[in-house]
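Here's the structure, in structure tokens; my notes come after.
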Amino acid sequence: MGKIVWIASYPKSGNTWMRMFLMHYFVANRALTPDTAQAFAPNENSGNFYQPFLPVSAGKLPDAAFASVRPLAHRAIAQAAQSYIFVKTHHLFGTHHGTPTVSLGDSAASVYLVRNPLDVVVSYAAFRNVSYDQAIDWVTTKDRILPRIPGGSYFISGSWSQNVSTWRAQKQLPCTILRYEDLVTDPASQFRQLFGAWRLKIDSDRFDAAIAATSIGALKAAEAEHGFRERPASAKAFFRSGRTGDGYKELSKSQQERVIDACGSQMQACGYSLDSI
């Protein structure tokens with residue numbers, strides 16, 4: 001029986017980038033495409049994990065039914081792994097419908113990606129082809145549940161502040177917190193920090209190759225060549241720009257103030273400026 005290593009974040013905060021890097025490092029020397037990441041580090045809310053424990057088709061059940069069997073799904077994920085398995089989650093850290101969103105007994109560690117919510121808004125709006133105001137509503141909505149994938153379970157992301165604060169505050173599971181902005185500035189040092197926290201000896205050749213394969217240019221090229229199932233039909237591409245600071249450039253002063261008013265304390269705790277334009 002193995003253990004789960006969680007790759008956690010609020011949406012549009014670098015989760016897939018982390019999955020891609022880890023895949024290219026640990027599954028080196030194989031033909032890899034963006035879609036391979038789903039097999040390497042699957043979504044926690046995949047119906048494949050939950051359906052065996054449900055009485056009827058997943059699409060017919062409320063969120064509470066999934067929550068009731070979440071411990072069984074997590075145990076099955078861990079049991080199927082020989083050692084460790086990376087699993088993606090957008091859950092906040094806590095309890096929902098009476099069940100923990102993370103089953104500690106089946107978990108070994110986690111990495112949490114945090115991104116400036118102003119940039120999250122811009123990225124989220126492009127990803128879902130909605131207005132900035134709509135994306136701001138999502139980012140600031142307390143207890144928000146993300147739309148369920150067909151045949152799958154749900155994610156309770158909560159608001160950006162809820163998601164960030166619950167993962168930052170928890171002390172039950174070893175968690176390395178990395179900022180998206182620092183990954184953009186110096187990915188090698190940030191990934192080395194993560195591997196250090198996991199006490200992994202780094203293979204320099206594989207590490208350098210994984211860094212090169214997961215630059216924004218390389219990821220965009222891979223998506224253009226192979227496609228990516230996780231890209232919604234409404235989005236032009238999954239991997240967009242990889243830039244930081246777009247929120248200060250794209251959002252109006254009033255839009256920035258809406259985000260800062262809702263997210264300010266956690267922004268400040270994570271080292272983000274509270275100044276609007």
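Keep in mind that this is a model prediction, so the values were computed, not measured.
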Among all residues two or more places apart in sequence or in another chain, which pass the salt bridge (charged side-chain N to carboxylate O under 4.0 Å, His left out) test with [X]?
X      : answer
Arg258 : Asp133, Asp137
Asp182 : Arg179
Asp63  : Arg148

Measure across [X] and [Y] and return the closest heavy-atom pair with its distance rounded to 0.1 Å.
X      : Y      : answer
Gly14  : Tyr180 : CA-CD1, 3.8 Å
Ala218 : Ala212 : CB-O, 3.4 Å
Ala67  : Pro71  : O-CD, 3.8 Å

Between [Y] and [X], do the side chains contain a donor N or O and an acceptor N or O under 3.5 Å apart?
X      : Y      : value
Arg168 : Gln266 : yes
His74  : Ser103 : yes
Asn15  : Ser9   : yes
Tyr112 : Asn163 : yes

task: Hey, can you tell me if Phe155 and His90 have their rings parallel, tilted or perpendicular (30° and 60° cut-offs)?
output: perpendicular

task: Assign the ring pair Trp167 / Phe93 to parallel, tilted or perpendicular, where the plane angle (0 to 90°) is split at 30° and 60°.
output: perpendicular

- prompt: Within a strict 4.5 Å, meaning less than it, do heavy atoms of the Met18 and Leu194 side chains meet?
  reply: yes

task: Please tell me if the side chains of Glu44 and Trp6 come closer than 4.5 Å, counting only heavy atoms from C-beta onward.
output: yes

query: Taking atom CD of Glu257 and atom CD1 of Ile136, what is their separation to the nearest 0.5 Å?
result: 11.0 Å

